[in-house]
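Just below is one structure, and these are the notes that go with it.
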Amino acid sequence: MLSWFYGGTKSTNVRVSLPAVCFVWQIAMIVLFGVFIRYNEEADTHWQEFRRENNISSDIENDFYFRYPSFQDVHVMIFVGFGFLMTFLKRYSFGAVGFNFLVAAFGIQWALLMQGWFHTLDPATGKILIGVENLINADFCVAGCLIAYGALLGKVSPVQLLVLTLFGVTLFAVEEYIILDLLHARDAGGSMVIHAFGGYYGLAISWVLYRPNLNLSKRLNGSVYHSDVFAMIGTLFLWMFWPSFNSAITDHGDGQHRAAINTYLALASSVLTAVGISSVTQKKGKLDMVHIQNATLAGGVAMGTAAEFMITPYGSLIVGFCCGIISTFGYVFVTPLLEKYLKLQDTCGVHNLHAVPGMLGGFIGAIVAASATEEVYSREGLINTFDFEGDFADRTVGTQGGFQAAACCVAIAFGIVGGGCVGLVLKIPIWGDPADDNCYDDEAYWEVPEDDESIPPILEYNNHMIHKLPDLSESNFQVEQI
Amino acid sequence: MLSWFYGGTKSTNVRVSLPAVCFVWQIAMIVLFGVFIRYNEEADTHWQEFRRENNISSDIENDFYFRYPSFQDVHVMIFVGFGFLMTFLKRYSFGAVGFNFLVAAFGIQWALLMQGWFHTLDPATGKILIGVENLINADFCVAGCLIAYGALLGKVSPVQLLVLTLFGVTLFAVEEYIILDLLHARDAGGSMVIHAFGGYYGLAISWVLYRPNLNLSKRLNGSVYHSDVFAMIGTLFLWMFWPSFNSAITDHGDGQHRAAINTYLALASSVLTAVGISSVTQKKGKLDMVHIQNATLAGGVAMGTAAEFMITPYGSLIVGFCCGIISTFGYVFVTPLLEKYLKLQDTCGVHNLHAVPGMLGGFIGAIVAASATEEVYSREGLINTFDFEGDFADRTVGTQGGFQAAACCVAIAFGIVGGGCVGLVLKIPIWGDPADDNCYDDEAYWEVPEDDESIPPILEYNNHMIHKLPDLSESNFQVEQI
Amino acid sequence: MLSWFYGGTKSTNVRVSLPAVCFVWQIAMIVLFGVFIRYNEEADTHWQEFRRENNISSDIENDFYFRYPSFQDVHVMIFVGFGFLMTFLKRYSFGAVGFNFLVAAFGIQWALLMQGWFHTLDPATGKILIGVENLINADFCVAGCLIAYGALLGKVSPVQLLVLTLFGVTLFAVEEYIILDLLHARDAGGSMVIHAFGGYYGLAISWVLYRPNLNLSKRLNGSVYHSDVFAMIGTLFLWMFWPSFNSAITDHGDGQHRAAINTYLALASSVLTAVGISSVTQKKGKLDMVHIQNATLAGGVAMGTAAEFMITPYGSLIVGFCCGIISTFGYVFVTPLLEKYLKLQDTCGVHNLHAVPGMLGGFIGAIVAASATEEVYSREGLINTFDFEGDFADRTVGTQGGFQAAACCVAIAFGIVGGGCVGLVLKIPIWGDPADDNCYDDEAYWEVPEDDESIPPILEYNNHMIHKLPDLSESNFQVEQI
């Protein structure tokens with residue numbers, strides 16, 4: 001309701017652009033789905049025939065039952081996890097959870113197409129056949145864009161976010177194709193393809209969109225008590241379901257089992273070191289909610305590549321241990337420096353939670369892969385885990401480690417270069433982004449309820465019963481100084 | 001605390017009626033369960049014998065493992081989804097989530113009995129044998145009543161809600177029996193039996209209970225910032241788990257797989273059109289939280305019948321596309337008209353989210369069924385999908401489409417007529433409902449904490465340090481005008 | 001921000017002790033995991049060989065697929081359920097959800113070791129082999145400590161909580177070994193080993209740490225409107241997922257199926273009686289949120305032992321019926337008496353939700369076990385359900401009932417005696433606990449955002465536009481008496 005005052009010169013009116021983008025893109029999705037997307041054999045009514053032809057003994061061996069519980073956990077992470085994690089700002093909770101919802105809902109459709117074209121297009125029919133694993137991958141793909149949103153939270157319009165997502169998903173699909181198919185790297189939980197890419201993508205965009213006068217919105221760049229509690233909903237659902245995230249598309253059987261265990265352990269370890277560093281770096285040892293909300297998750301990010309390998313339980317604890325420390329230090333020391341010297345404004349600190357732990361996760365994966373032995377994995381286990389089949393049947397673990405490391409560099413490069421280019425697109429002054437003194441404010445894009453928290457009480461006011469207290473927080477009620 | 005003032009002439013004291021209903025009905029449940037309900041063969045200790053007799057090769061083929069993950073998702077939708085979706089009112093969050101909890105907890109017990117009598121009563125033993133699928137169906141059944149609660153939110157007492165549930169579950173079971181068994185219609189996700197029925201049931205009750213002076217409670221009929229964020233918890237859990245809802249009781253294998261994919265796509269599509277219409281219908285293009293909280297779900301409602309059919313992925317997107325538009329328009333234009341001209345007060349807009357999309361879902365299902373072909377489904381797939389077996393072995397898809405459409409009319413008729421009758425019962429002035437100026441207020445039925453949000457601070461008060469500020473929001477503290 | 005004023009003489013500065021404990025213990029975990037913990041054969045890359053050797057026909061028979069969905073539900077209960085249930089205090093939500101997170105993250109690691117040494121240490125290799133069932137058991141183990149935290153909420157430092165957890169998990173593992181292995185009692189959902197133990201453990205510690213002047217913090221020992229809504233998130237996730245809790249480690253097939261059904265029913269029944277008693281014991285029949293948040297869960301606690309038995313559906317309803325009553329009465333009458341006469345300060349009323357229902361659940365289990373018959377269970381079912389194999393092949397159900405009852409006494413004794421001893425350790429004045437006038441206050445251990453809820457509005461103040469209202473809730477602003 002104060003936007004007329006704060007609003008500055010920029011218009012945040014998206015009444016034409018937002019509906020236009022939503023409708024045109026959604027119609028495009030329908031057309032493209034009509035041309036390209038069909039059910040795969042496990043979701044099609046021909047499944048019973050397929051079962052008989054392939055000697056599948058029971059319906060329970062439909063991939064649905066292997067992956068659907070994990071899929072739903074991932075789905076919760078994308079929509080509630082990422083959405084609520086970003087509600088910590090005092091007046092941007094609608095934007096956090098609402099735009100996260102919008103972006104993800106568009107992104108998963110576009111991801112099904114982009115990933116389908118690169119990975120599962122049937123050359124004979126020209127169709128993409130989808131099943132539950134594709135849904136998981138679409139959720140994964142969109143996670144990269146939601147991470148990027150974290151760096152831009154409160155500073156961009158929903159139209160910009162949709163543009164960011166259109167390009168982000170496209171870049172993701174290309175990068176993923178290079179990493180998983182051409183380099184034949186393993187990255188089941190996406191340390192590289194999701195977190196490193198998404199983190200650097202968002203940081204690069206944020207760097208291009210640098211706002212020198214952002215401190216005009218400083219009053220809103222912080223939390224209130226209950227917004228921090230809301231953010232903990234996001235943190236906890238991310239934390240709890242991260243084992244499902246890292247195991248959702250790993251191999252059936254031991255692959256999923258091991259990935260879940262490793263991630264569970266790394267996350268537990270991160271919590272203790274995040275708390276320890278948070279306490280030791282604050283005066284009087286008080287904990288900072290920002291660290292608890294974010295750095296506790298670093299272990300999950302960093303295990304995205306190695307979770308399916310035989311990293312050992314204590315190896316997982318060590319990864320979580322180190323990343324909890326690094327991430328918390330990032331929030332305390334690095335983010336302020338990045339803003340001061342690199343002109344990089346990173347609202348949610350995705351540098352510390354996604355970019356760096358993701359990059360580390362990629363290199364940890366490379367090291368663990370390079371040090372794999374037939375003794376530990378068994379010959380068959382080695383082949384299954386690293387997929388040393390077909391063209392890659394002769395690859396050694398050392399070579400694999402090298403390709404893993406190269407893959408990590410590819411992800412980072414795609415994030416930085418792609419983000420730089422997309423940032424330039426988003427800088428065009430047509431997208432309805434807020435003015436520097438109007439950031440972090442739901443007023444810009446939402447009908448916000450007028451009256452915060454108060455029920456108009458009955459009061460005596462100059463001995464008259466009135467129905468509404470002259471509103472102390474808003475009105476021109478005067479206080480006498482004494 | 002202000003109820004003495006606002007309370008008018010009606011008493012909301014339910015100290016006798018509420019405990020009486022709770023205890024008498026719960027005891028009745030125990031007696032009826034004692035007479036009728038037993039474990040089915042998959043939950044009974046005789047399972048190992050049953051396995052051997054039926055050549056079931058593994059414990060994993062117990063229906064528990066096919067359906068339990070979906071059951072838990074549905075359970076979350078019923079208790080957290082519906083409960084929190086209704087917390088948007090500034091001072092009715094306790095009632096929203098608490099009465100939802102109470103009603104659902106009673107309803108699932110009564111539903112196990114009612115649905116059991118109609119569907120799974122063993123004529124030989126006179127027992128109802130229950131397993132996980134019955135639990136899902138009970139949750140579904142209660143969803144109808146919770147939808148009806150949405151139309152009445154803030155205007156009824158918990159005793160009325162329990163009466164509404166008693167009759168609602170009963171009507172549901174009869175209607176479901178007619179639709180699924182007699183008409184042999186398919187409705188796995190309940191567009192017709194749950195949403196159309198529940199929506200019109202609630203609207204009819206609300207129409208009978210019309211309150212001409214409801215604007216006396218207008219001050220409380222709206223949201224505050226954080227209540228809107230709470231409501232998003234409900235929205236997102238409903239949205240995320242709707243694929244589980246529509247696939248929970250479909251056929252093992254491809255049936256569950258396909259229903260989940262279709263619902264996932266329709267929901268994604270709804271989000272974009274809901275956002276688009278919300279923006280274009282508001283001044284300055286600002287989004288309205290009411291639309292984001294509700295209309296984004298319309299695609300899930302409308303896919304309740306067709307999700308298990310071969311509607312195709314792009315067909316699902318089209319359904320979501322249209323229903324997102326229709327639902328949002330409903331909130332913007334239809335609800336105000338209904339209140340003005342039809343005297344229909346619909347607190348949560350169930351007309352736009354459940355009644356209309358449910359009805360549309362029923363007819364979409366009819367069309368998709370009627371246009372099914374052996375070419376697309378395969379002969380076996382057609383039989384499995386539409387259950388063309390036994391008495392219905394000769395039914396054509398055209399006939400099936402006709403019966404589907406008839407089923408939708410049955411659901412609506414049951415909702416309207418049943419709701420009208422139950423509304424008359426609820427109009428009897430013995431149920432402790434609030435007065436017109438006391439609606440939407442938790443004070444009526446809850447011990448609400450006195451002191452909102454403020455920690456009593458230390459203040460100087462006439463130069464004395466005091467521990468508690470004279471409470472500005474409640475007392476007759478006087479403010480001097482200057 | 002008022003801690004300088006309220007702070008009294010005790011220092012809550014944990015800047016040395018908290019990081020020290022976090023780091024030293026986490027490093028110890030890494031070392032111990034390195035020595036002892038490995039993947040079991042279902043999570044190891046040798047799984048494919050193991051499958052062939054054991055004629056396991058499909059990957060879907062990996063225990064992961066039997067238990068992982070239940071594991072994730074349990075995980076949500078531990079972190080979101082217990083965490084948010086305790087957010088009801090107006091200014092201790094950070095501590096509730098944050099310390100719960102910290103304690104659980106440490107506890108699960110220590111529990112994997114302790115439970116591994118007692119239950120799954122391979123004597124040949126000296127290794128503990130872990131899989132998904134161990135993760136569930138670790139979550140269970142930590143639940144005992146989180147229950148104990150409920151009795152101490154707001155009155156202890158995070159360092160004390162970590163000490164409580166270190167000893168609590170140790171005691172738990174010993175007690176569990178005695179109950180499950182030596183006495184060969186069944187307790188799949190932990191009425192005895194988790195709830196009775198955890199409840200009495202917390203109560204005994206609270207009794208030792210009695211604070212005669214706790215009423216100095218009375219102003220903060222209560223809820224506000226939105227903190228009660230947050231707490232309902234915890235309640236509902238506990239309530240919804242309790243069927244998974246009680247069935248997570250029961251036998252494959254009918255065991256899990258039956259345990260889920262029984263728990264579902266008992267919980268539903270609890271809700272109605274909790275609501276009934278809450279209403280009848282309050283003036284004007286208004287419901288008390290404390291009862292709805294807690295007593296509705298009593299049925300789940302009390303079914304922890306008997307859920308896997310053939311207690312029958314109506315038996316489950318009866319258990320829930322009684323425990324809902326007993327628990328609510330506990331909150332209304334017993335807790336105040338305990339505080340007054342026994343000097344027992346129990347913040348969350350764990351006496352009424354965990355200690356007593358857990359104890360009752362143990363004895364209910366004993367009765368149900370003792371009354372088991374071959375007619376109802378079948379010979380094979382009896383053996384499977386009570387594990388009458390090996391050394392226990394000749395045990396009768398009567399004997400089993402006796403051992404179940406003895407097990408319950410063991411759990412309570414461990415809780416009381418262990419809690420007394422740990423309480424003495426925690427009384428040593430080195431742990432940074434808050435002073436009596438500084439309890440229930442996040443200020444003690446958290447950086448709390450300064451400005452609650454208000455966006456600095458634009459105001460006229462003596463006819464000048466100002467940016468910030470003199471903050472009524474914090475400053476020494478003076479009010480003139482008239």
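Proteins get letters first, then strands, A, B, ... in listed order; numbering begins at 1 in each.
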Legend entry - Largest heavy-atom contact set with chain A, pairs under 4.5 Å, which of Asn40(C), Thr12(C), Ile130(C), Thr87(C): Ile130(C)
Inset, instruction - Count the heavy-atom pairs under 4.5 Å between each of Val14(C), Val76(C), Val35(C), Leu32(C) and chain A, then report the option with the highest count. - result: Val76(C)
With a 4.5 angstrom heavy-atom cut-off, is it the side chain or the backbone of [X] that approaches chain A, or both, or neither?
| X | result |
| --- | --- |
| Asp442(C) | side chain |
| Asn100(C) | neither |
| Phe50(C) | neither |
| Tyr65(C) | side chain |
| Asn13(C) | both |
| Gln109(C) | side chain |
| Tyr445(C) | backbone |

I'd like to verify something: which residue of [options] has the highest number of heavy-atom pairs under 4.5 Å with chain C?
| options | result |
| --- | --- |
| Ile292(A), Asp288(A), Val290(A) | Ile292(A) |
| Thr312(A), Thr385(A), Leu382(A) | Thr312(A) |
| Val275(A), Asp251(A), Leu267(A), Thr235(A) | Val275(A) |
| Ser244(A), Ser316(A), Gly315(A) | Ser244(A) |
| Ile60(A), Ile233(A), Asp73(A) | Ile233(A) |
| Pro243(A), Gly255(A), Ser58(A), Ser57(A) | Pro243(A) |

Inset, instruction - Step through it carefully: locate the ring centre of Phe237(C), locate the ring centre of Phe237(A), and say whether they are under 6.0 Å apart. - result: yes
Inset, instruction - Determine whether the aromatic ring centres of Phe386(A) and Tyr377(A) lie less than 6.0 Å apart. - result: yes
Legend entry - Verdict with reasoning, Phe84(C) to Met232(C), per side chain to side chain contact (heavy atoms under 4.5 Å, CB included): CA-CA 8 Å; Phe84(C) 273 86; Met232(C) 281 304 290; over 6 Å; no
Inset, instruction - Report yes or no: is the cationic atom of Arg91(A) (NZ for Lys, CZ for Arg) closer than 6.0 Å to the six-membered ring centre of Tyr440(A), at no more than 45° off its axis? - result: no
Legend entry - Contact origin within Glu380(A) toward chain C - heavy atom pairs under 4.5 Å: side chain
Legend entry - Which portion of Phe321(A) sits near chain C, non-hydrogen atoms under 4.5 angstrom: side chain
Legend entry - Verdict with supporting geometry, Met240(A) and Phe79(C), side chain to side chain contact (heavy atoms under 4.5 Å, CB included): CA-CA 8 Å; Met240(A) 294 181 303; Phe79(C) 289 88; 3.6 Å; yes
Inset, instruction - State, without any angle test, whether Tyr68(C) and Gln72(C) hold a side-chain donor-acceptor pair at a distance under 3.5 Å. - result: yes
Inset, instruction - Indicate whether the side chain of Glu49(C) and that of Ser378(A) have a donor and an acceptor atom separated by less than 3.5 Å. - result: yes
Inset, instruction - Going by the ring pair (Phe, Tyr, Trp, His ring centres under 6.0 Å) test, name the single residue among Trp25(C), Phe99(C), Phe23(C) that passes it with Phe106(C). - result: Trp25(C)
Legend entry - Sole residue of Trp242(A), Phe241(A), Trp239(A) in ring pair (Phe, Tyr, Trp, His ring centres under 6.0 Å) with His75(C): Trp239(A)
Legend entry - Worked verdict on His252(A) versus Asn62(C) for side chain to side chain contact (heavy atoms under 4.5 Å, CB included): CA-CA 9 Å; His252(A) 289 176; Asn62(C) 191 305; over 6 Å; no
Inset, instruction - Could you tell me whether the side chain of Met86(C) reaches within less than 4.5 Å of the side chain of Val97(C), counting heavy atoms only? - result: no
